[in-house]
Amino acid sequence: LDALRTRLVPRATVLTPNIPEAELLLGRPIVDAAAADVALEALRGLGARGVLLKGGHLDEGDTVVDRYADPATRFAHRGPRLAVDGHGTGCTLSSAIAARIARGEAPADACRAAIDYVHAAMRAAYRPGRGDVSVLGHLAPRTR
């Protein structure tokens, strides 16, 4: 864990932890919106150029708040909480961000678009078998 903090995180263009991952990296709980805001800044202090703290694991009612910060930009992306147990959302989000950055988008813009992409895929998710976990509908049209 220490090598992750000191060697890998400082090389990241965008760090994309969910709440449990951020708690592990920071060594403290994130229990509410105020703690998430503080955690966002603490995560930035680990050296990544940008941080997208994913809010799906934090209880903020019917809304999911993803928080982003880099030296030039800070925003909170709010969206409705969906009743979907989606598989692969974090990996999909990180991949979509990386693809957009590789295409030349600014990290903040890439994060906004990737969040919208994953949200649309979650809305179009389906359960192909008898399990409880849904597969993301990657071909769903985005609303933004």
Side-chain angles (χ1 to χ4, degrees), residues 1 3-5 7-70 73-144:
L1 186 59
L4 176 71
R5 281 190 203 106
R7 299 176 88 195
L8 188 58
V9 170
R11 296 173 184 245
T13 301
V14 180
L15 181 67
T16 61
N18 60 32
I19 295 298
E21 293 164 344
E23 290 174 332
L24 186 61
L25 282 169
L26 297 174
R28 63 176 182 253
I30 302 169
V31 297
D32 57 23
D37 290 337
V38 170
L40 180 64
E41 292 307 316
L43 290 163
R44 284 195 57 226
L46 296 178
R49 291 195 321 216
V51 175
L52 176 64
L53 178 57
K54 301 179 294 186
H57 290 90
L58 189 62
D59 183 4
E60 294 190 71
D62 293 338
T63 302
V64 173
V65 181
D66 297 312
R67 294 161 168 83
Y68 177 84
D70 67 26
T73 307
R74 184 181 179 101
F75 67 82
H77 189 287
R78 290 173 168 74
R81 184 172 297 279
L82 302 175
V84 175
D85 185 5
H87 180 70
T89 56
C91 296
T92 299
L93 179 67
S94 295
S95 296
I97 292 167
R100 288 181 164 276
I101 290 172
R103 290 177 50 199
E105 289 185 30
D109 295 334
C111 286
R112 284 184 181 106
I115 292 167
D116 289 341
Y117 170 76
V118 171
H119 188 265
M122 287 179 71
R123 279 195 330 268
Y126 58 96
R127 291 183 17 206
R130 295 183 182 155
D132 293 331
V133 177
S134 297
V135 174
L136 300 180
H138 291 286
L139 301 179
R142 286 178 282 150
T143 57
R144 293 191 226 185

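Residues take their numbers from the sequence shown, with the count starting at 1.
Listed here is the closest heavy atom pair of Arg28 and Ala42: NH2-CB, 3.2 Å. Between Val64 and Gly56, the shortest heavy-atom contact is CG1-N, 3.7 Å. Closest heavy-atom contact between Gly50 and Asp70: CA-CB, 3.9 Å. Among all heavy-atom pairs drawn from Pro107 and Tyr68, the shortest one is CB-OH, 3.5 Å. Shown here for Glu23 and Ile30, the closest heavy-atom pair between the two residues is OE2-N, 2.8 Å. Among all heavy-atom pairs drawn from Thr16 and Glu21, the shortest one is O-OE1, 4.0 Å.
Taken from CZ in Arg112 to CG in Asp66, the straight-line distance is 12.0 Å, to the nearest 0.5 Å. Taken from CG in Asp62 to CZ in Arg81, the straight-line distance is 8.0 Å, to the nearest 0.5 Å. Distance check, rounded to the nearest 0.5 Å: CD1 of Ile115 to CZ of Phe75 gives 5.0 Å. With values rounded to the nearest 0.5 angstrom, Arg67 atom CZ is found 6.5 Å from Leu58 atom CG. Going from atom CG of Asp37 over to atom CG of Leu53 covers 9.0 Å, rounded to the nearest 0.5 Å.
Side-chain contact between Thr89 and Met122 is present, with at least one heavy-atom pair separated by less than 4.5 Å. Looking at His119 and Leu82, their side chains come closer than 4.5 Å, going by heavy atoms from C-beta outward.
Just one of Ser94, Pro17, Cys111 meets the side-chain contact (heavy atoms from CB on, under 4.5 Å) condition when paired with Leu52; it is Cys111.
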